[in-house]
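A short worksheet on the structure shown next.
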Amino acid sequence: PDGQIKYVLVSPDDNWRPHEQPPETLDLDLLYEQGFSSIDIIRELQDDLAGQTVFVDGLDDDQQLLDCLFATSNDDPAFETARMEELFHQYDFESLLELRRDQAEHAGLALESAEENVLSLLFLARELGEID
């Protein structure tokens, strides 16, 4: 709600199976060295987001990833996720992607970065009058 963006690396849980061939952009050693435990991440997510709706761009398998994360604690999220078109219901998905891309280009953001992806959505929400 205050515009603060948090991001962390997730240290793979012992029960997780690494990809047979991890994507080139995935550095498993980095995840093990600098990642946080799923329990710590879940605790912070629950504290920060309880009772809220978290809007996602819908391009990734966000719900599947959350389910995987929360399965490590046999817990359910205390928050809901919804695709961005539920927030910006007057626009279709393709139009929102184009508007977000324009916002990102204008601000010099790289949408490949998780933090800058979120920032672009915040800029879009401000531009469309959904937040101050």
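- Taking 4.5 Å as the limit, some side-chain heavy atom of S73 sits within range of a side-chain heavy atom of I39.
- For the pair Y91/M84, no side-chain contact is recorded, criterion being any heavy-atom separation below 4.5 Å from C-beta on.
- Closest approach of F79 and V54 over heavy atoms only: CD1-CG2, 3.8 Å.
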Under 3.5 Å, side-chain donor or acceptor atoms of residues 98-111 against the rest of the protein: list the pairs with distances, not counting sequence neighbours.
residue, atom, partner, partner atom, Å
R100, NH1, D57, OD2, 3.0
R100, NH1, N117, OD1, 2.5

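- The shortest heavy-atom contact between E115 and Y7 is OE1-CE2, 3.2 Å.
- Between the CD atom of E80 and the CG atom of L49 there is a distance of 11.5 Å, given to the nearest 0.5 Å.
- Atom CG of L96 sits about 9.0 Å away from atom CG of L121, to the nearest 0.5 Å.
- Side-chain N or O atoms of D92 include one that pairs as donor or acceptor with a backbone N or O of S95 at under 3.5 Å.
- Taking both residues in full, the closest heavy atoms of F93 and E85 are given as CD1-OE1, 3.4 Å, listed atom of the first, atom of the second, then distance.
- For F36, the CZ atom sits in a loose shell: 12 or fewer heavy atoms of surrounding residues, nucleotides or ligands are nearer than 6.0 Å.
- Two residues are said to be in side-chain contact when any heavy atoms from C-beta on lie closer than 4.5 Å; L69 and L45 meet this criterion.
- Residues passing the side chain to side chain donor-acceptor pair (under 3.5 Å) test with D76, sequence neighbours excluded: none.
- Residues T72 and I42 form a side-chain contact, since some pair of their non-hydrogen atoms from C-beta on lies under 4.5 Å apart.
- For the pair I5/L122, a side-chain contact is recorded, criterion being any heavy-atom separation below 4.5 Å from C-beta on.
- More than 12 heavy-atom neighbours from other residues, nucleotides or ligands sit within 6.0 angstrom of CD on Q63.
- Taking 4.5 Å as the limit, every side-chain heavy atom of T81 sits out of range of all side-chain heavy atoms of F55.
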